[in-house]
Amino acid sequence: MPRLRGARTSRPADHFAPARRAAAGARRRADAHFTFALEAQHERRELVSVCRTLLNLGVLHRVAGDEDTFVQAGGDQADALYDVQRRMLSGMLAAVRGPSTWIPEEAPATLEERLCALVGEHVADSEEGRRTALRHQLARRLLDDPVVYVETLDPEARAYFFNQRGAMAARLCDAAGLVAEQRAEGLALVDEASLLTDVAMPAEGTDAHVTLLVAEYLAAAQRLRRADDGDATKGLARDIHEHDIAGFLHEAKAQYGRYWRKSAREPGAEWELAAIAIERLEKLQLAVREAGAVHPLPALARFALGEAEIRETRNTPTADAGLQFEPT
């Protein structure tokens with residue numbers, strides 16, 4: 001099953017740092033080299049100035065050619081060839097209006113005002129303008145967030161989403177190399193290659209395995225809540241807290257601990273593992289903490305624990321070998 005993308009940071013910081021939006025325009029070209037070709041010398045000079053800035057920032061890597069030759073001669077024989085460094089590009093500020101464009105008298109004063117000013121857009125006072133703004137808003141969320149849940153959208157955005165999500169998903173997946181998963185609760189654009197996320201699931205290692213165990217634990221509780229209203233279900237349909245997850249991992253250690261890193265097998269380590277797993281699930285928008293309880297979100301149902309694939313390397317103890325646990 002394809003891996004679910006995770007937000008780069010936890011909210012609220014990620015809300016104001018839509019890094020993938022900056023990368024989306026370059027993804028078509030990032031898998032191959034790309035060239036520039038402009039006719040007027042002054043246009044080529046301006047482009048070279050931008051490219052040199054990106055070179056200094058590490059976003060571009062020169063493969064062949066020379067910028068000065070490109071400015072002077074132009075044409076196919078004087079092209080400069082670059083590679084796009086995806087990781088560096090994802091860290092670039094993506095803003096509708098750059099901070100340097102504000103004059104001191106009009107510049108926003110507080111941090112909140114500055115963040116809003118960076119992403120605020122002019123919306124034309126027309127039906128078409130409002131539809132365009134909705135389309136941009138939804139497209140950015142689909143690229144920024146692991147999952148877009150229908151219940152998080154306002155009524156106007158929800159109506160547009162229901163009518164256009166198929167077409168939007170097709171265009172975005174074609175441009176960004178993602179795979180759409182459409183469900184009744186919302187839409188996720190899945191990154192099969194794990195290039196657009198810092199937190200993937202499933203993945204390798206102790207933390208990833210523990211996260212998948214906790215995901216299955218929460219998903220099982222979610223399935224019980226959706227079952228019939230018999231007495232047995234009522235007895236189990238209670239909130240799950242961090243201490244419940246730590247207790248579950250303490251018991252799971254007896255079965256899986258031999259595959260985990262040494263520090264994860266120490267007494268009391270289940271508390272740290274529980275905190276790590278909950279944080280990862282929150283970043284993936286698979287669970288949310290409310291009033292001390294951990295609540296599973298609908299997309300968590302896509303994961304279930306399957307058989308462990310144990311990858312041992314030469315001269316490496318089993319407990320430290322690379323582990324990859326795929327969902328069913």
**OP:** Begin from the C-alpha positions of Arg62 and Asp83 and carry the test salt bridge (charged side-chain N to carboxylate O under 4.0 Å, His left out) through to its verdict.
**Re:** CA-CA 6 Å; Arg62 187 187 300 106; Asp83 274 341; over 6 Å; no

Subject >> Side chains of Leu187 and Phe161 in contact at under 4.5 Å (non-hydrogen atoms) >> reply: yes

Original post:
Taking a hydrophobic cluster as the set of Ile, Leu, Val, Met, Phe, Trp and Tyr residues connected by side-chain heavy atoms closer than 4.5 Å, whether directly or through intermediates, do Leu138 and Val150 fall within one such cluster?
Top reply: yes

Subject >> Within-4.5 Å side-chain heavy-atom neighbours: Trp260 and Lys253 >> reply: yes

Subject >> Closest non-hydrogen atom pair between Gly166 and Gln182, with its separation >> reply: CA-NE2, 3.8 Å

Subject >> pair Cys51-Leu60: side-chain heavy atoms closer than 4.5 Å >> reply: yes

Subject >> Residue pair Leu286 / Leu297, side-chain heavy-atom distance below 4.5 Å >> reply: no

**OP:** Identify the two heavy atoms, one from Ala180 and one from Ala169, that lie closest to each other, and give their separation to 0.1 Å.
**Re:** CB-CB, 3.9 Å

Subject >> N/O donor-acceptor pair under 3.5 Å between Asp145 side chain and Val148 backbone >> reply: no

**OP:** Report yes or no: do Arg131 and Ser126 form a side-chain donor-acceptor pair below 3.5 Å?
**Re:** no

Original post:
Side chains of Leu54 and Tyr82: closer than 4.5 Å at any heavy-atom pair?
Top reply: no

Original post:
Are more than 12 heavy atoms from other residues, nucleotides or ligands located less than 6.0 Å from atom NE2 of His250?
Top reply: no

Subject >> Set of ring pair (Phe, Tyr, Trp, His ring centres under 6.0 Å) partners for Phe248, sequence neighbours left out >> reply: Tyr217

Subject >> Side chain to side chain, Leu142 and Met168, heavy atoms closer than 4.5 Å >> reply: yes

**OP:** Kindly indicate, with the supporting measurements, whether the criterion salt bridge (charged side-chain N to carboxylate O under 4.0 Å, His left out) is fulfilled by Lys283 and Glu279.
**Re:** CA-CA 6 Å; Lys283 288 181 177 180; Glu279 181 182 12; 3.7 Å; yes

**OP:** Measure across His61 and Gln85 and return the closest heavy-atom pair with its distance rounded to 0.1 Å.
**Re:** CB-NE2, 3.4 Å

**OP:** Determine the minimum heavy-atom distance between Arg44 and Val71, stating which atoms define it.
**Re:** NH2-O, 2.9 Å

Original post:
Can you find a heavy atom in the side chain of Glu181 that is under 4.5 Å from one in the side chain of Val147?
Top reply: no

Subject >> Donor + acceptor pair across side chains of Gln137, Arg141 (<3.5 Å) >> reply: no

Original post:
Quick one: are Ile278 and Arg289 in side-chain contact, heavy atoms under 4.5 Å?
Top reply: yes

Subject >> Worked verdict on Arg158 versus Glu151 for salt bridge (charged side-chain N to carboxylate O under 4.0 Å, His left out) >> reply: CA-CA 8 Å; Arg158 186 178 303 181; Glu151 64 181 15; over 6 Å; no

**OP:** Take Asp125 and Arg130 through the test salt bridge (charged side-chain N to carboxylate O under 4.0 Å, His left out) and record every step on the way to the result.
**Re:** CA-CA 7 Å; Asp125 189 15; Arg130 286 186 287 273; 3.4 Å; yes

**OP:** Looking only at non-hydrogen atoms, find the nearest pair between Ala274 and Ile245 and report the distance.
**Re:** CB-CG2, 3.8 Å

Original post:
Which pairs count as side chain to side chain donor-acceptor pair (under 3.5 Å) when at least one residue sits in residues 48-58, sequence neighbours excluded?
Top reply: Arg52-Asp68

Original post:
Under 6.0 Å between ring centres, would you say that holds for Tyr256 and His209?
Top reply: yes

Original post:
Which heavy-atom pair separates Ala219 from Leu300 by the least distance, and what is that distance?
Top reply: N-CD2, 3.7 Å

